[in-house]
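Quick caveat: nothing in here was measured; it's all calculated off a predicted structure.
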Amino acid sequence: MTTFEVLATGPLATVQDAGRAGLAHLGVGPSGAADRTSLGQVNRLLGNAEGAAAVEVTLGGLHLRANGSADVAVVGAPAQVHLGRRAIGSGTPFRVEAGDELTLAAPSRGLRSYLGVRGGITTDPVLGSRSSDLLAGVGPGPLRPGDVLPVGADVGPWPGVDVLTWLTDPAEHRRLRAVAGPRREWFSDAALDDLAGGPWRVSGDANRTAVVLDGPAIIRSHDGELPPEGMVRGAIQVPPSGRPTILLADHPVTGGYPVLAVLLAEDVDWLAQLRPGDPVLLQPVVAPVL
């Protein structure tokens, strides 16, 4: 079996797949890739199942050594990829052999790159998923030097694509669409207009659990807090500070802050690629008809 030894991780590297959907009644959140579009892209590029596990790399710095041959690709935030001293571009599969060392530099834009392997990363699943839930402590923790990542067997034919452009470029998608949330009565009639007006920037309080926005405070019309109620990825909570807090992949199952609006699912992927200081526009929209 081919494996990869972790030599360095950069600021944060975790194994992520499509997550643990459907376990909220047990108190287990979904977790999974912060940018699900990029996870699906890297897996389609390699002929894997779309939700196969890959390595989510935040701001580069990953260094791996192959202990066997494998086909690899990097998608998401475009980073310089080197195989030994040879530069390899993002968005295209390439072959590694035993002893090869692979490094990812910090991306030129965006935040999270996804290193996929044909056959997927096959660390032991927990509750049906190989994802690291950093808030709840479910699944494996962040990767560390010395960790070994096993690679699964090939799962299907190669697709008819050999180069993939980055479809979730945050520079082009900073207008995030949101539908009105379930607690509109906790806010003034102008709150959604205030949310749309901003201006907002991603604050330094941003991780896999949530992104807090800096900007003018959203005024609530009710004091106090709600009893805990179910939360979803993309929910825009407004705590007493008035700073919108948007939940990401490792969000808690419940929360007590009122939800003014909820981002559309694909726009949460774009948010997950924004860096602290990046501007954000919030656009209220009517809920799509499914």
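- Nearest heavy atom pair, residue Ser203 against residue Asp214, reads CB-OD2, 3.3 Å.
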Applying side-chain contact (heavy atoms from CB on, under 4.5 Å) to Val117 and Phe4, what does each step give before you reach the verdict?
CA-CA 10 Å; Val117 184; Phe4 283 89; 4.0 Å; yes

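- Side chain of Ser132 to backbone of Pro140: a donor-acceptor contact under 3.5 angstrom is found.
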Pair Arg130-Gln16, side-chain contact (heavy atoms from CB on, under 4.5 Å): steps then yes or no
CA-CA 6 Å; Arg130 296 182 168 90; Gln16 299 294 341; over 6 Å; no

Dump the intermediate steps for salt bridge (Lys or Arg N to Asp or Glu O under 4.0 Å) on Asp269 and Arg36, then the final yes or no.
CA-CA 6 Å; Asp269 292 337; Arg36 297 178 181 180; 5.5 Å; no

Starting from the C-alpha separation in whole Å, work towards a yes-or-no answer on side-chain contact (heavy atoms from CB on, under 4.5 Å) for Leu149 and Thr3.
CA-CA 5 Å; Leu149 303 173; Thr3 62; over 6 Å; no

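- Arg175 places no side-chain N or O within donor-acceptor distance of the main-chain N or O of Leu281, the cut-off being under 3.5 Å.
- In this structure, CG on Leu39 lies 9.5 Å from CZ on Arg44, to the nearest 0.5 angstrom.
- A salt bridge is defined here as a Lys NZ or Arg NE, NH1 or NH2 lying under 4.0 Å from an Asp or Glu carboxylate O, and Arg174 with Asp267 fails to meet this definition.
- Taking the side chain as every heavy atom from C-beta outward, Leu260 and Pro244 never approach each other to under 4.5 Å.
- Remark: the backbone N or O of Ala210 is paired with a side-chain donor or acceptor of Asn207 at under 3.5 angstrom.
- No side-chain heavy atom of Pro284 sits under 4.5 Å from any side-chain heavy atom of Val179.
- Between the side chain of Arg20 and the backbone N or O of Val126, at least one donor-acceptor pair lies under 3.5 Å.
- You'll find the side chain of Val148 stays beyond 4.5 Å of the side chain of Val6, heavy atoms only.
- Within a 6.0 Å radius of CZ in Arg95, other residues, nucleotides and ligands contribute more than 12 heavy atoms.
- The cationic group of Arg118 lies under 6.0 Å from the six-membered ring centre of Trp158 and within 45° of the ring axis, placing it in a cation-pi geometry.
- Shortest non-hydrogen contact noted between Asn43 and Gly51 is ND2-C, 3.9 Å.
- Within the model, atoms CG of Leu12 and CG of Leu134 stand 6.0 Å from one another, a figure rounded to the nearest 0.5 Å.
- Residues Leu282 and Leu213 form a side-chain contact, since some pair of their non-hydrogen atoms from C-beta on lies under 4.5 Å apart.
- To the nearest 0.5 Å, the span separating CD on Gln237 from CG on Leu226 amounts to 9.5 Å.
- Checking side-chain atoms of Trp200 against main-chain N and O of Leu195 turns up a donor-acceptor pair under 3.5 Å.
- Checking Arg86, Arg85, Arg65 one by one against Glu101, the salt bridge (Lys or Arg N to Asp or Glu O under 4.0 Å) holds for a single residue, Arg65.
- Asp278 places a side-chain N or O within donor-acceptor distance of the main-chain N or O of Arg275, the cut-off being under 3.5 Å.
- Electrostatic pairing of Arg112 and Asp35 does not count as a salt bridge here, judged by no charged N lying under 4.0 Å from a carboxylate O.
- Remark: the backbone N or O of Pro228 is not paired with any side-chain donor or acceptor of Thr254 at under 3.5 angstrom.
- In this structure, Glu56 CD and Leu115 CG are separated by 12.0 Å, a value rounded to the nearest 0.5 Å.
- When all heavy atoms of Leu45 and Ala73 are compared, the closest pair comes out as CD2-CB, 3.8 Å.
- Residues Leu64 and Leu7 are not in side-chain contact: their nearest non-hydrogen atoms beyond the backbone lie 4.5 Å or more apart.
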Evaluate the criterion salt bridge (Lys or Arg N to Asp or Glu O under 4.0 Å) for residue pair Asp205 and Arg243; output intermediate values, then yes/no.
CA-CA 11 Å; Asp205 296 326; Arg243 300 169 74 200; 3.7 Å; yes

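- With a 4.5 Å cut-off on side-chain heavy atoms, Val238 and Phe187 count as touching.
- Between the Thr2 side chain and the Ser69 main chain, a donor and an acceptor come within less than 3.5 Å of each other.
- Nearest heavy-atom pair, Ala8 versus Pro145, reported as atom, atom and distance to 0.1 Å: CA-CG, 4.4 Å.
- Follow the hydrophobic side-chain contacts under 4.5 Å out from Val42 and you never reach Leu102; the two are in separate clusters.
- Annotation: the span from Tyr114 atom OH to Ser90 atom OG amounts to 13.5 Å, rounded to 0.5 Å.
- Here the shortest heavy-atom pairing between Pro216 and Pro199 reads CD-O, 3.5 Å.
- Of the possible donor and acceptor atoms, none in the side chain of Thr245 sits under 3.5 Å from a partner among the backbone N and O of Val212.
- Within the 4.5 Å cutoff, the side chain of Pro240 has heavy atoms near those of the Glu225 side chain.
- Of the possible polar contacts, none joining the Asp133 side chain to the Ser31 backbone as a donor-acceptor pair under 3.5 Å is found.
- Salt bridge status for Glu266 with Arg177: present, with a side-chain N to carboxylate O gap under 4.0 Å.
- When all heavy atoms of Gly277 and Arg201 are compared, the closest pair comes out as O-NH1, 2.6 Å.
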Using the side-chain contact (heavy atoms from CB on, under 4.5 Å) rule, take Gln273 and Ser38 through it: C-alpha gap first, then chi angles, then the decisive distance, then the call.
CA-CA 10 Å; Gln273 290 290 0; Ser38 291; 4.2 Å; yes

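- In this structure the side chain of Leu135 never reaches within 4.5 angstrom of the side chain of His251, judged on heavy atoms.
- Note that CD of Gln80 is 11.5 Å distant from OG of Ser113, once rounded to the nearest 0.5 Å.
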